[in-house]
Amino acid sequence: MSLRGQIRTSLDSCSDSDGYFIADVDWESDHGHYRVRIDGEWVLVPDGAVVTQPNKTGRTMVWKYYIDGHPRVRCFMPGTMM
């Protein structure tokens, strides 16, 4: 199975209890792509990891995992940046 096949983009597969709120200074968008700072390391968000359902809390959330000690993004829900 490819990595893209392992990434889920709905809230059903990204439990709120597994996600973390992140501050606006710890994520950014550039030309429709995102990156987040996790544990002091900037990580590119795979397009397939972006949750497209409405963000009812307005706060940015990230669901992370690690490969070889480096953070990766399983799911990402952008906030309002207010």
Problem - Val45 and His33, any side-chain heavy atoms less than 4.5 Å apart - result: no
Problem - Thr57 side chain near Phe21 side chain, heavy-atom distance below 4.5 Å - result: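 A side-chain contact exists here, since the closest heavy-atom pair is under 4.5 Å.
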What is the minimum heavy-atom distance between [X] and [Y], and which atoms define it?
| X | Y | value |
| --- | --- | --- |
| Thr60 | Phe76 | CG2-CE1, 3.5 Å |
| Val51 | Pro78 | O-CD, 4.2 Å |
| Trp42 | Val25 | CH2-O, 3.8 Å |

In Å, rounded to the nearest 0.5 Å, how long is the span from [atom1] of [X] to [atom2] of [Y]?
| X | Y | atom1 | atom2 | value |
| --- | --- | --- | --- | --- |
| Tyr34 | Asp47 | OH | CG | 10.0 Å |
| Asp18 | Tyr65 | CG | OH | 14.0 Å |
| Arg74 | Tyr66 | CZ | OH | 12.0 Å |

Exercise for the section: Only counting residues at least two apart or in another chain, list the ones meeting salt bridge (Lys or Arg N to Asp or Glu O under 4.0 Å) with Arg35. Expected result: Glu28
Handout entry: Residues that Asp39 engages under salt bridge (Lys or Arg N to Asp or Glu O under 4.0 Å), provided they are two or more places apart
Key =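 Once residues adjacent in sequence are excluded, the partners of Asp39 under the salt bridge (Lys or Arg N to Asp or Glu O under 4.0 Å) criterion are Lys64.
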Exercise for the section: Could I get the full list of side-chain hydrogen bond (donor to acceptor under 3.5 Å, both in side chains) partners for Arg37, not counting sequence neighbours? Expected result: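 Applying side-chain hydrogen bond (donor to acceptor under 3.5 Å, both in side chains) to Arg37 gives Asp26.
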